[in-house]
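Read the structure below first, then the notes.
The model shown is predicted, which means the values in this text are computed figures rather than measured ones. In what follows, every chain begins at residue 1, and chains take the letters A, B, ... in the order their sequences are listed. Both backbone and side-chain heavy atoms feed into the values below; hydrogens, waters and symmetry mates do not.
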Amino acid sequence: MAVRIVFLGPLRDLAGVAERDAPAPLDWATLLETVGPQLAEQLREERVHVACAGKVLADKTALLARDGEEVALLPPVSGG
Amino acid sequence: MAVRIVFLGPLRDLAGVAERDAPAPLDWATLLETVGPQLAEQLREERVHVACAGKVLADKTALLARDGEEVALLPPVSGG
Amino acid sequence: MARKSRCCPRSAVARLALSGAADVRLLEAGLSVGEALAAFNAAHPQAGGVASFLGKVRPSAGDSPVKALELTHYEPLTLPGMEHLAEQARKRFALDGVLVWHRIGVLTPGEGIVLVAAAARHRRGALEAVDFLMDHLKSAAWLWKREKRGIGWHWIEPRAEDHAALARWQ
Amino acid sequence: MARKSRCCPRSAVARLALSGAADVRLLEAGLSVGEALAAFNAAHPQAGGVASFLGKVRPSAGDSPVKALELTHYEPLTLPGMEHLAEQARKRFALDGVLVWHRIGVLTPGEGIVLVAAAARHRRGALEAVDFLMDHLKSAAWLWKREKRGIGWHWIEPRAEDHAALARWQ
């Protein structure tokens, strides 16, 4: 098994895919490396959040996704 | 013909009728006399308005209703 | 001239073709909020937002159950006053459309008393217009309300907070 | 796991039995404001007032005609977040009931995007709850919106004034 990375909103356009898999475990440094420099730059921005296993991380740099977990990359929202 | 006096809201209860006629012309002093002391006391209160011929009077003491006109006695409102 | 014949309210149910930018009605019979808002919404397809408020007869006032509510109006003033109010709201909040419907007569708990709706480009304007309309209908429209509870009918007067709410707009 | 299968929105039209004090839905198909508000109103007969707001796809953004709007969500977060928001509003404004429906997928101009409604004892609470809910849905719910206009799709981000509106409640 692996970790699934899900790209939301404009990050999906940048990634060119809705989701992709990466080897587990996945930490912050490996995530940045995995998604490439352009997305990594976005992820470092304060207004971009990261969720792991259905929970938004208070500190995204503390990410540690295990086998079978899903990591979602969440750019600024706009509903309503 | 005459002037019709229309009682609204709680003033209708006080008057005991919805409307009554009075001889024309009808001025403020005659109105107070016509409606009796209890209603006159109410009419003198600032929050009670008087309309003549479909217009609310800015100064009710300047009332001068002519033949065929309707005078409405308007207590504080409560809609909504 | 009988009081009744001077009143020309239209039924909320029978006519759902809304009239132009401001649809203002005094209704003697039921006020169907679903149909009214569906029609209002359809009449203003270009608006970004539609806000509404429906005021209903509450089942109790304090500890006393309310058996009925009666609303009296004065034909020469009430509807013209409401039309003027709707026009003020339309201009002040740059509305695409406004709806102001008020029941008159005897109502029972759960029935709608008043429905206002505002269609605007942005939500702030629509919500503020509804607030403005309700504050004015509550204490500045020519309507008199009494409740039947306990041993009889009781006239309702605006509370101090209603007057304060109205003063916000001046 | 396909994205689609994780999503379990219910149709607005098919189920008009509303669920308890808070009815929160993500909808893939049309949002019928008339039916929704009629059902919501009927579900809360004891409330003195029902306020609502319907946000719709505008036909243009600035000078450009809008051809379509797309809303993306993230199943594990979006509906739970909206449910939490509805619960916050219910407690904060002492609501008898609250309705929060949001469309997802592709919408065309004139279609409803979001419908919120609040039933409360007094009108102030109901109107404020609607304001609160809209401010939060606009810039604090897990939804992403893009518009098709001119030569392609454009992502929408909350404006500074949306963030300012949200800050009012903190």
Side-chain angles (χ1 to χ4, degrees), chain A residues 1-24 26 31 34-35 38-60 62-80, chain D residues 1-4 6 26 53-58 69-82 84-85 100-104 107 112-116 130-147 152-160 162-163 165-166:
Chain A
M1 283 185 68
V3 170
R4 171 149 302 177
I5 305 171
V6 179
F7 303 93
L8 275 306
L11 299 183
R12 184 172 295 181
D13 290 354
L14 272 183
V17 290
E19 51 192 50
R20 55 173 288 193
D21 288 351
L26 183 74
L31 173 66
T34 306
V35 297
Q38 211 187 353
L39 271 159
E41 194 189 319
Q42 292 286 322
L43 285 184
R44 283 193 197 95
E45 284 194 29
E46 201 191 336
R47 61 201 202 123
V48 174
H49 289 85
V50 173
C52 180
K55 301 282 174 211
V56 181
L57 302 176
D59 173 10
K60 62 192 171 190
L63 172 71
L64 189 63
R66 290 164 302 182
D67 236 21
E69 287 183 340
E70 186 166 286
V71 171
L73 311 186
L74 310 161
V77 296
S78 55
Chain D
M1 197 173 355
R3 213 104 290 267
K4 186 127 185 135
R6 298 194 195 169
L26 280 174
F53 181 80
L54 171 70
K56 299 196 284 184
V57 183
R58 279 195 289 267
L69 188 90
E70 187 189 33
L71 277 145
T72 314
H73 75 302
Y74 178 56
E75 183 68 15
L77 295 181
T78 311
L79 193 61
M82 285 165 59
H84 177 69
L85 175 64
V100 179
W101 289 7
H102 210 295
R103 272 293 308 274
I104 50 174
L107 290 78
I113 305 171
V114 57
L115 175 67
V116 304
V130 165
D131 210 6
F132 172 91
L133 288 163
M134 284 306 305
D135 281 345
H136 283 78
L137 288 170
K138 198 88 184 172
S139 48
W142 297 109
L143 291 158
W144 295 269
K145 186 158 72 178
R146 58 177 190 164
E147 279 175 358
W153 287 96
H154 303 263
W155 289 100
I156 311 295
E157 290 197 17
R159 299 164 298 173
D162 292 326
H163 288 298
L166 188 62

- For the atom pair CG (Leu8(A)) and CG (Leu77(D)), what is the distance rounded to the nearest 0.5 Å? 8.0 Å
- Query: Between Trp144(D) (side chain) and Pro75(A) (backbone), is there a donor-acceptor pair under 3.5 Å?
  - Reply: yes
- Message: Need one label for Thr72(D): side chain, backbone, both or neither, based on atoms under 4.5 Å from any heavy atom in chain A.
- Response: side chain
- Task: Check Pro76(D) against Gly54(A) and note the closest heavy-atom contact, atom names and distance.
- Result: CB-CA, 4.1 Å
- Item | For chain A, the option from Leu133(D), Asp162(D), Leu137(D), Leu71(D) that forms the most heavy-atom pairs under 4.5 Å | Leu137(D)
- Item | Heavy atoms of other groups near His163(D) NE2, more than 12 under 6.0 Å | yes
- Looking at Met134(D), Arg146(D), His102(D), which has the largest count of heavy-atom pairs under 4.5 Å with chain A? His102(D)
- Do Glu75(D) and Glu70(A) come close enough that some side-chain heavy atom pair is under 4.5 Å? no
- Is the shortest heavy-atom distance from the side chain of Asp13(A) to the side chain of Trp155(D) under 4.5 Å? yes
- Message: For Ile113(D), which atoms come within 4.5 Å of any heavy atom of chain A: side chain, backbone, both, or neither?
- Response: side chain
- His49(A) versus Trp142(D): any side-chain heavy-atom pair under 4.5 Å? yes
